[in-house]
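Values below: every heavy atom of this structure, side chains too, minus hydrogens, waters and symmetry copies.
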Amino acid sequence: MFRLYLNKENRKSDVFSHMFEKVKKQSFYDEEKLQGALNLSKEQLRDTKFHLIKSILKCLKHSNRGQRQVYFNGVIELITLQEKGLYRKAIRKFKALKKQAIVDHEFDQVCYLLKRAESLILFEASEDEMIEKILKSKEEYSYYQMLAKNLNEYSTLAVKVLGLGYKFADGRLEDKIMLDFLDHPLLKNESNAKSDLAKGLYYEIKCLIYLGVCDYHKASIYALKGWEHAKKTSSPNRNDYHVLSSCLSNYLHAVLTIGDLEGYLRMVVHFDKLVLENDEHLSILQKSRTFGMQASIKLSYYNITKNCDEFNDKFPEIREKLEWYENIIHPNFKSRIIFYISKLFFLNGNLEQSLEWSNKLYEIQRNNPYYIVLVSNNILRIMIHYDLGNLISIPHLSKSAAYFFKSKNRYFELEKCFIKGICKVKVYHSKSQKEAIFKKLLLDLNELMLNEKNNHINHITGIIEWVESKIN
């Protein structure tokens, strides 16, 4: 992470990075050896060392680890004060740490502090109050233990649903697997969520389930509920950026998919404002996640509105950031960004660049679970090659795509129909023969579009519009 920070913030990042690596490898600090290895004068070594230390401190300041480190340093201080018998100072430290842990919803930490501070409670109480204080402490411990268990259960469920949601994002096979989660005891009623963060996770899980089964209207409702809840329960002492940004990202994704451009334009300003207000305080990993969300949403919007001019203006910046976050960006965001870049070049008639980006995604598809985008990319590759006049490559590309679809259990009627239809077009066919094949393919595809779930692939690839363009 520090190397990434150096590359971004310093023009002389190579010098600093080289020094950082050399010092790391030394079992003990040897300035003479370091000076020789870097080929620097004493003055240059002194200045470089000063700027490197400055950069390390700045990196730590921008890292979200900083705040947690302050908290854990406080816990170490509490332990030290207790061991030294400085009970009054320890009580003050305990109360401050407990207050912060409650604000952060770190209920496990509250329980730890309460156990740690049993002797402090007894020290603070008079003889008459001692039994009452002990009972109160035990009640408090049980209460926060319950909150910790409840929050952990919602967190575990959210991770599980999120993983399945990416895998089953087109909802044509595993509806039941996702919908069965709605019967989970934690999701029966929002009152089952016992803390603000648990309630936020309740809304997030519901949103993810409906995204997974392509019910984007309901998904947008729960995403909006989650965002409003997070705003209402936010604390100046707690960073809720992750929760707020996730809610807005899910909402924007849902409304774009159902073509609600009014809903998108109304809420994207809140998303952009949130990012702008928090950008300075985000860690490198948080910035990569934010870029992934923003870029995939904006590119999806350009795809729907066919706004190739704005895409062309923004593309250099998007490409630069994608290269910058290459090794740390979430693979699902990465796949969506690469796909939409390819699709927008395709819409723009820039077929060579479209193919270049489509091939990039094709090369990494084995290691990516976001099947809906990978299926769409295989279809797009065939469309690109056809428009490039590479009809001789279509049978091979179609076989390769069909193999991939089958291997991921994604060879549905729509994919079969397209592969079967496009393979009928031969190099030696006349224009009228090709047109007749595309007319039949269009009829078959339109019949399949009566199933709303097939519309999701069409929404991403524009397959119907492309087939129509082959018919005069």
Side-chain angles (χ1 to χ4, degrees), residues 146-230 242-243 246-247 249-258 330-333 335-336 368-376 404-416 448-460:
M146 177 273 293
L147 290 182
K149 183 174 180 288
N150 183 255
L151 182 56
N152 288 338
E153 285 172 346
Y154 275 100
S155 298
T156 303
L157 185 60
V159 170
K160 191 173 182 180
V161 171
L162 179 63
L164 289 172
Y166 276 125
K167 194 174 179 181
F168 305 150
D170 63 6
R172 289 176 290 170
L173 180 64
E174 296 88 355
D175 271 16
K176 190 173 185 309
I177 294 174
M178 293 298 287
L179 288 172
D180 280 351
F181 277 106
L182 294 175
D183 294 325
H184 194 285
L186 292 174
L187 302 179
K188 286 288 187 182
N189 196 297
E190 63 185 63
S191 64
N192 291 333
K194 304 301 180 185
S195 62
D196 290 339
L197 283 193
K199 193 170 181 180
L201 286 169
Y202 168 87
Y203 292 131
E204 182 184 344
I205 295 165
K206 285 273 187 118
C207 172
L208 292 172
I209 290 169
Y210 288 119
L211 283 175
V213 298
C214 300
D215 190 337
Y216 296 103
H217 177 67
K218 282 186 180 174
S220 69
I221 290 171
Y222 280 102
L224 204 56
K225 280 185 174 183
W227 178 66
E228 288 168 347
H229 171 74
H242 182 90
V243 176
S246 292
C247 292
S249 175
N250 288 335
Y251 175 82
L252 293 168
H253 171 58
V255 294
L256 279 175
T257 307
I258 56 178
H330 195 287
N332 295 325
F333 287 133
S335 63
R336 282 172 69 184
N368 194 300
Y370 204 6
Y371 296 156
I372 186 70
V373 171
L374 304 179
V375 166
S376 300
F404 176 75
F405 298 156
K406 288 174 185 175
S407 71
K408 303 301 179 186
N409 203 17
R410 281 292 173 281
Y411 202 31
F412 298 120
E413 290 302 316
L414 180 69
E415 288 83 351
K416 285 179 188 174
L448 289 171
M449 288 303 154
L450 295 174
N451 178 352
E452 285 185 12
K453 287 175 184 175
N454 286 325
N455 276 317
H456 194 20
I457 289 283
N458 180 50
H459 171 81
I460 297 172

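- Distance NE2/H217 to OH/Y222: 11.0 Å, rounded to 0.5 Å.
- Taking the side-chain contact (heavy atoms from CB on, under 4.5 Å) definition, one finds that L224 meets it with W227, E228, Y251, M267, sequence neighbours left out.
- Minimum heavy-atom separation, F181 to I209: CB-CD1, 3.5 Å.
- Partners of T156 under the side-chain contact (heavy atoms from CB on, under 4.5 Å) rule, at least two apart in sequence or in another chain, do not exist in this structure.
- Y203 is linked by a ring-ring contact (aromatic ring centres under 6.0 Å, His included) to H229, counting only residues two or more places apart in sequence or in another chain.
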Report task. Before giving the answer on side-chain contact (heavy atoms from CB on, under 4.5 Å), spell out for K188 and L182 the whole-Å C-alpha distance, their side-chain angles and the decisive distance to 0.1 Å. Result -> CA-CA 7 Å; K188 286 288 187 182; L182 294 175; over 6 Å; no
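- By the salt bridge (Lys or Arg N to Asp or Glu O under 4.0 Å) test, E190 is found to be paired with K199, residues two or more places apart in sequence or in another chain being considered.
- In this structure, N250 contributes its side chain and L208 its backbone to no donor-acceptor pair below 3.5 Å.
- The distance from the CG atom of D196 to the CG atom of L147 is 10.0 Å, given to the nearest 0.5 Å.
- The minimum heavy-atom distance between S195 and N150, with the atom names listed, is N-OD1, 4.4 Å.
- Evaluation of the side-chain contact (heavy atoms from CB on, under 4.5 Å) rule for K149 yields E153 as partners, not counting sequence neighbours.
- Judged as a side-chain contact (heavy atoms from CB on, under 4.5 Å), and not counting sequence neighbours, the contacts of A254 are L211, Y216, A219, S220.
- Every residue two or more places apart in sequence or in another chain was checked for a salt bridge (Lys or Arg N to Asp or Glu O under 4.0 Å) with K406, and none qualifies.
- Scored by the side-chain hydrogen bond (donor to acceptor under 3.5 Å, both in side chains) test, N189 finds S191 as partners (sequence neighbours excluded).
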Report task. Assess whether side-chain contact (heavy atoms from CB on, under 4.5 Å) is satisfied between Y202 and N192, documenting all intermediate values. Result -> CA-CA 9 Å; Y202 168 87; N192 291 333; over 6 Å; no
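- By the ring-ring contact (aromatic ring centres under 6.0 Å, His included) test, H459 is found to be paired with no residue, residues two or more places apart in sequence or in another chain being considered.
- Pairs passing the salt bridge (charged side-chain N to carboxylate O under 4.0 Å, His left out) check and including a residue from residues 203-223, sequence neighbours excluded, do not occur.
- In terms of modelled atom types and a separation under 3.5 Å, the side chain of Y154 and the main chain of L186 share a donor-acceptor contact.
- Residues meeting the side-chain hydrogen bond (donor to acceptor under 3.5 Å, both in side chains) test with S246, sequence neighbours left out: R289.
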